[in-house]
Amino acid sequence: MKTDFIPIDYDYFDFENRNYVKIIGRNSSGKRICILDTCPIYLWAILKDRVKEKKIQELIKKIQKIKIKTRDRETKVEKVELHEKNFLGKPVNALKIFATNYKDLHDIADHLAFAEIEKRRGYDLGFTSHYVIEKKLLPLQWYEIEGEEVSNSQEFGGLCKVLDVDFCVYLNNHTMLKDQEFKPKVLAYDIEADEFKIGEGEILMVSLVSDNFNKVITWKKNGDVKADYIEYVKDEAELLESFIKNVKEISPDFLVGYFSDGFDLPYLKVRADKNKIKFSLGLDESQPRFYRGAIPTGKISGIVHIDLLKFIQTAYSQYMQSETLSLNEVAKEFLGDSKKDFKFQHSSKLEDHQWKKYFEYNLHDSVLNYKLFEKFWPDLLEFTRIIQEPIFDISRNGMSNNVEDFIIHNLNKFNEIPEKKPGHDDIVKRRERKPYEGAFVFEPKPGLYEDIAVFDFTSYWPSIIVTYNLSKSTFLEKKEKNSTEVNVEKKFYFTKKPGFFPQMLKEIIEKRKQYKAELKVKSDPIKTARSNAFKLLANASYGYQGFFGARYYCPEASASVTAIGRDLTKKTINQINKHDYTVIYSDTDSISFKLNKNPKKQALELLKEINSTLPGIIELDLEGFFKRGIWVTKRSGDIGAKKKYALIDENKRLKIRGFETVRRDWCNLAREVQNKILNQILEDGNEKNALKYFKEIVKKIKSREFSIEEFTIRTQLKKPLSEYKTISPHVIAAKRMNELDLPISSGTLVEYYIAETGKKDKLVRDKVKLPNEPGEYNIQYYLEHQILPAVENIFQVFNLETKEIIDGKRQTKLCDF
DNA sequence: ATATACACGGATCCCCTATTTCC
DNA sequence: GGAAATAGGGGATCCGTGTA
C-alpha cells in the first residue's frame with residue numbers, strides 16, 4: 001500500500017534475533033499507522049596506518065569467522081566490508097562489521113583485539129538512532145511511504161494483530177514530502193491524591209482534556225456535585241479502568257502531563273497494581289515502562305508520553321522570569337492563566353461544598369497542561385526535526401544530549417565515524433581537570449550614567465567556534481603549516497580545514513538568526529522563547545566541548561574559544577573608547593558605553609565600522625540605547641561590582657541584572673524596596689525621592705507595619721539534608737519541616753523567616769521560624785541583613801551613608817550633596 | 001544525574017589570640 | 001597563679017543564585 005505518513009513514536013523489538021523498528025505515526029487523513037522495518041547493524045574497526053592490502057584481507061577473513069556465544073543466544077559476524085572513511089576529520093581505512101542484533105555489537109567489539117586495528121567505534125548508539133541514521137526516516141517529517149500491508153498477518157509473532165492501529169505496514173521505500181501542517185491529537189491529564197508519596201494514597205480524581213473534551217473521573221460523591229464534565233464511578237478501581245477506556249477512545253498521539261514522569265504516571269501505575277488492574281495504556285496493550293533515573297521516565301508504547309516540566313527545564317528555564325517551574329508560575333508566564341484557587345487539604349477534611357472547587361481545580365490543571373503543550377508544540381517540533389531523535393527523547397534530554405544527537409545524526413554528511421562515549425575512567429580523569437579561563441568581565445566604575453548604548457556580539461562563543469574552526473577534530477597536537485595559533489596558557493593549534501563540528505554549528509546559528517529576525521517583525525512570547533531556545537542550543541554547543549560526558553570533548557577548543565573571545569572583546573572596547581565614547585561595563589559579549597553627547601546615529605556608524613573589521617561570521621549588534629544606568633560597589637571593599645547593574649530606556653522600561661531584586665533568595669520586601677529605589681533613581685536622575693521613600697519604609701518596618709509574608713526568605717535545597725557540611729538557615733528550616741512530616745527533598749523551595757527570640761543568639765539559624773510558626777519578624781536582622789544591604793550600595797553612589805538612617809542618626813552627609 | 005566559566009554575598013566553620021572564669 | 005573555658009576577629013569555605 002501507499003500513503004503519506006509522519007513518524008511520531010519510535011520503538012523496537014527483536015524477532016528471531018533480529019532488530020526491528022516499530023514506528024507509530026499518522027497519515028494526512030488522521031489514520032494511525034504502524035510501520036515495521038529493519039536496517040543493517042554494524043560497527044567500525046578503524047585500521048592502523050599503512051596496513052598492507054594482503055594483511056587487511058586476512059584480517060577480514062578472521063573477523064568473518066567470529067562467533068559469539070552468550071548466555072541466551074548465539075551470534076556471528078554477518079559480513080565485513082572495507083571502506084574509506086573519516087575519523088575526527090582524518091581519512092582512515094575502516095572495516096564495516098555487520099551483526100544481526102545491535103546488542104551484539106559490544107560483544108563483537110570485545111573480540112576485535114587484532115594488532116591491525118587501531119580503534120573500534122559505532123557500537124554504542126542504540127538501535128533507534130542507528131535506524132534513523134541508516135534509513136533517514138526522520139521523526140515528525142512527512143513522507144510518502146510504500147510497503148506491504150501486514151495488519152492482520154501472523155508475522156512477527158502476531159504483533160500487528162494486537163496493535164490498535166488502522167494499518168500496519170512493512171516498509172519498502174519512502175520519500176520525503178514537502179512540509180505540511182501536522183496537528184497532533186493531544187490529551188492532557190492530571191491526578192489528585194491524598195498522599196504525595198507515589199501510590200501511598202488513593203487517587204481521588206483524574207482529569208482529561210483534549211480538543212473539545214473535558215472530563216473529571218471521580219468516585220468521590222461527597223457534595224453531590226452536578227456538572228456535565230464529571231463522570232462518577234464506583235471506586236478507585238473503576239476510576240483507573242475508566243481512565244484507560246477514555247485514553248483508548250480518544251487515542252491521542254501525545255499524553256501530556258506536568259511532572260507526570262515523576263508523579264501522575266507512576267502513581268496511576270502503582271495504584272493499578274494495588275487494585276490488580278492491568279494498566280494497558282499502550283497501543284499493543286502493554287503497560288507503561290519506567291526507566292530508572294533520579295526521576296523515572298514513563299514510556300507508553302505507541303503514545304508519546306510528554307512531561308512538560310522536563311522540556312521546560314532544559315529548553316526554557318534559563319530564559320524565564322518565573323522563579324520556580326511550578327505549573328502555576330509557568331502557566332502565568334506563558335499563558336497569562338493560572339491554577340484555580342484551592343488550598344490542598346486531605347480529602348477527609350474537606351467539607352461537602354468544597355468538592356466542586358476541587359474538581360474544577362483538577363480539571364483546570366489539565367486545561368493548563370493542554371494549553372502549554374499547544375504553546376510549546378512548535379518548539380518541540382523544531383527541536384525534534386533539527387536534532388532528529390524521537391520527540392519522546394528530545395522532550396526529556398538535557399542540552400548536552402541534544403547537541404550530541406544533533407552531531408551524531410549529521411556525521412554522514414562528512415563521511416565520519418562516530419566517536420565513542422567516554423568510559424568511567426575517562427570521566428573521572430576529565431572531571432579532575434582545572435577549569436579553563438572563561439570570559440572577560442570589565443570592572444565598572446560605580447556611578448549613575450546618562451545616555452548609554454549597549455552593543456553585543458550575537459551568539460558569541462558559537463560564532464568564534466565557527467570562525468576559527470575550533471573543535472576536537474580540528475585540534476592539532478603539533479604546529480602545522482598554515483594553522484591557527486591560539487595563545488591560551490600555552491599555544492594551541494587548529495587546522496584551517498573546516499571541521500564537521502564547526503560546520504554543523506553554523507546551521508544552528510543560522511536557525512537562530514532566522515527566528516530572531518522573525519521576532520523583530522512581530523514579537524510574541526513563543527517566538528521569544530524559540531529564539532532563545534536556539535540560542536541555548538548554540539551556546540550549549542560551546543559548553544558541550546568542555547563537558548566531561550561529551551563524545552567530542554575538547555577543553556583545548558573551549559579554552560581557545562574564550563581566549564579569542566577575551567581578546568576580541570578587549571580590542572572592541574579599545575576601539576569604542578578611541579571614538580570619543582567611554583566604556584562603562586562589559587561582560588563576555590556585551591559592551592555598555594556612554595555616548596558622551598554624540599548622536600545615536602554616530603554610534604550606529606561606529607557599529608558598522610567595527611563590523612567591517614570583524615573576522616568570519618562574528619557580528620556585533622545593537623542591544624539598545626538607554627537613558628540612564630547605575631553601577632554600584634561591591635559589598636566588600638569599594639571597587640565596582642560586576643554582574644550587577646540597572647538600565648532604563650526611553651520608554652521607562654527597566655533592565656535589572658544581578659541585583660537582589662532579581663534574586664529569589666532575598667525577602668520580598670527587600671526586593672521590592674530595592675526595585676522601587678532603582679526605578680525612582682533611574683527615572684529622576686537623582687536620589688531625593690528614593691531616599692524619602694526609603695526612610696518611610698524603615699519607619700514602617702520599625703513599627704511592625706508589615707506582615708510576615710513580606711519577610712519570607714526562600715531558598716532551595718540542592719541536595720539531601722544529610723549531605724550539608726554547613727548548617728545554614730535554610731537547612732534548619734528544612735529539618736524543622738521534616739520533623740513536621742512536610743515533604744522535603746532535593747529541589748524543595750524552603751520558606752522561613754527570621755524571628756525575634758529575646759535571647760542573645762549568635763547564629764542566624766537559631767532565629768529561624770517556618771512561615772506558619774507564630775512569631776514576630778526580627779527588626780534588627782531584616783534592617784541590617786536584608787533591607788540595608790539591598791540599598792546601601794545604591795545610595796553610596798550619591799555619597800549617602802544609609803546606615804545612619806536605620807540607626808536614626810542625623811543625616812550629616814545628606815546636606816553635603 | 002550532569003553544557004561552560006565568572007561573580008556576588010550571606011552564613012557558617014575554623015583557627016588563632018585575647019580575655020575571662022574557675023580551682 | 002595557672003589552666004581551662006569562652007569570646008571575638010578574620011579568613012576560608014560552603015552554598016545558592018545570578019550573568020553571560
Side-chain angles (χ1 to χ4, degrees), chain A residues 292-297 313-314 318-319 323 396-404 427 430-431 433-443 456-457 459-462 535-550 552-555 557-559 561-562 565-566 569 585-591 623 632-637 639-645 655-666 670 713-719 723-732 746-747 749-750 754 760 762-768 781 784-786 789-790 792-793:
Chain A
R292 287 250 156 257
I295 293 161
T297 294
Q313 237 163 13
T314 46
Q318 290 199 21
Y319 296 99
E323 278 162 24
R396 286 170 176 79
N397 280 347
M399 270 302 163
S400 71
N401 259 316
N402 283 339
V403 172
E404 192 154 286
I427 288 181
R430 289 178 182 188
R431 295 189 75 164
R433 169 182 66 80
K434 266 199 302 189
Y436 56 85
E437 196 181 338
F440 166 69
V441 190
F442 186 100
E443 188 194 301
D456 65 357
F457 290 100
S459 299
Y460 199 33
W461 295 150
K535 180 184 175 176
L536 195 69
L537 194 60
N539 278 341
S541 300
Y542 149 73
Y544 171 81
Q545 296 202 93
F547 167 51
F548 56 78
Y552 295 100
Y553 175 71
C554 187
S558 300
V561 172
T562 53
R566 288 191 299 273
T569 302
Y585 180 62
S586 164
D587 185 348
T588 311
D589 59 357
S590 83
I591 302 170
E623 159 77 26
V632 300
T633 55
K634 290 214 288 184
R635 289 276 293 149
S636 55
I639 60 163
K642 297 167 176 179
K643 300 190 186 285
K644 262 184 125 171
Y645 62 92
K655 182 173 171 173
I656 300 181
R657 293 289 119 100
F659 273 112
E660 285 73 5
T661 301
V662 299
R663 297 180 60 91
R664 70 168 179 195
D665 55 351
W666 284 69
I713 296 168
R714 293 172 193 85
T715 314
Q716 193 179 28
L717 279 183
K718 291 293 223 186
K719 50 190 174 189
E723 284 175 27
Y724 279 92
K725 288 182 186 164
T726 304
I727 310 304
S728 47
H730 82 291
V731 175
I732 284 292
S746 179
L749 196 61
V750 176
I754 304 304
K760 283 233 158 168
K762 258 194 320 203
L763 297 176
V764 178
R765 65 171 175 225
D766 295 329
K767 297 175 224 171
V768 164
Y781 173 81
E784 285 179 12
H785 291 85
Q786 292 269 317
E792 198 171 35
N793 302 325

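Side-chain atoms are counted along with the backbone in the values below, which use heavy atoms only and exclude waters and symmetry mates.
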### Task
Look at all strands and tell whether A/R396 reaches a base, only sugar-phosphate, or nothing, counting heavy atoms closer than 4.0 Å.
nothing

### Query
Among all residues two or more places apart in sequence or in another chain, which pass the ring-ring contact (aromatic ring centres under 6.0 Å, His included) test with A/Y436?
none

### Covered region of DNA chain B, 5' end to 3' end, by chain A [heavy atoms, under 4.0 Å]
B/dT2 to B/dC13

### Task
Using the test ring-ring contact (aromatic ring centres under 6.0 Å, His included), find all partners of A/Y781 that sit at least two apart in sequence or belong to another chain.
A/H785

### Query
How is A/E437 classified with respect to the nucleic acid when contacts are heavy atoms under 4.0 Å: base, sugar-phosphate, or nothing?
sugar-phosphate

### Query
Is the number of heavy atoms from other residues, nucleotides or ligands under 6.0 Å of A/K719 NZ greater than 12?
yes

Distances for protein N/O vs nucleotides 12-17 of chain C N/O pairs under 3.5 angstrom?
residue	atom	partner	partner atom	Å
C/dC15	OP1	A/K719	NZ	3.4
C/dC15	OP1	A/K725	N	2.8
C/dC15	OP2	A/K719	NZ	2.8
C/dG16	OP1	A/K718	N	3.3
C/dG16	OP1	A/Y724	OH	2.2
C/dG16	OP1	A/H730	NE2	3.3
C/dG16	N2	A/R663	NH2	2.8
C/dT17	OP1	A/R664	NE	3.1
C/dT17	OP1	A/R664	NH2	3.4
C/dT17	OP1	A/Q716	N	3.0
C/dT17	OP2	A/R664	NH2	3.3
C/dT17	OP2	A/Q716	OE1	3.3
C/dT17	O4'	A/R663	NH2	3.3
C/dT17	O2	A/R663	NH1	3.1

### Query
Which part of the nucleic acid does A/Y436 contact within heavy-atom distance under 4.0 Å: base, sugar-phosphate only, or nothing?
sugar-phosphate

### Task
For A/Y645, report the nucleic acid contact type (base, sugar-phosphate, nothing); a contact means any heavy atom under 4.0 Å.
sugar-phosphate

#### Entry: Partners passing ring-ring contact (aromatic ring centres under 6.0 Å, His included) against A/F440 (at least two apart in sequence or in another chain)
none

### Message
So, using salt bridge (charged side-chain N to carboxylate O under 4.0 Å, His left out) as the criterion, who are the partners of A/R433 when residues are at least two apart?
### Response
none

### Task
Mind calculating the distance between NZ (A/K644) and P (C/dG18) to the nearest angstrom?
13 Å

### Query
Heavy atoms under 4.0 Å, any strand shown: does A/Y542 hit a base, just sugar-phosphate, or nothing?
base

### Task
Would you classify A/N402 as touching base, sugar-phosphate or nothing, given that sugar-phosphate means primed atoms plus P, OP1 and OP2, and contacts are heavy atoms under 4.0 Å?
nothing

### Message
Please enumerate all residues that pass salt bridge (charged side-chain N to carboxylate O under 4.0 Å, His left out) together with A/E443, with sequence neighbours excluded.
### Response
none

### Message
Under the rule for salt bridge (charged side-chain N to carboxylate O under 4.0 Å, His left out), what residues qualify as partners of A/K642, not counting sequence neighbours?
### Response
none

### Task
Mind checking A/Y553 for me? I need base, sugar-phosphate or nothing, with any heavy atom below 4.0 Å counting as a touch.
nothing

### Message
Looking at A/R714 and A/E323, is there a salt bridge between them, counting it only when a charged N and a carboxylate O are closer than 4.0 Å?
### Response
no

### Query
Using a cut-off of 4.0 Å on non-hydrogen atoms, how would the nucleic acid contact of A/G549 be classed: base, sugar-phosphate, or nothing?
nothing

### Task
Tell me which of A/F440 and A/G543 sits closer to the 5' end of DNA chain B, going by the nucleotide each one is nearest to.
A/G543

### Message
Tell me every residue that passes salt bridge (charged side-chain N to carboxylate O under 4.0 Å, His left out) with A/K718, counting only those two or more places apart in sequence or in another chain.
### Response
none

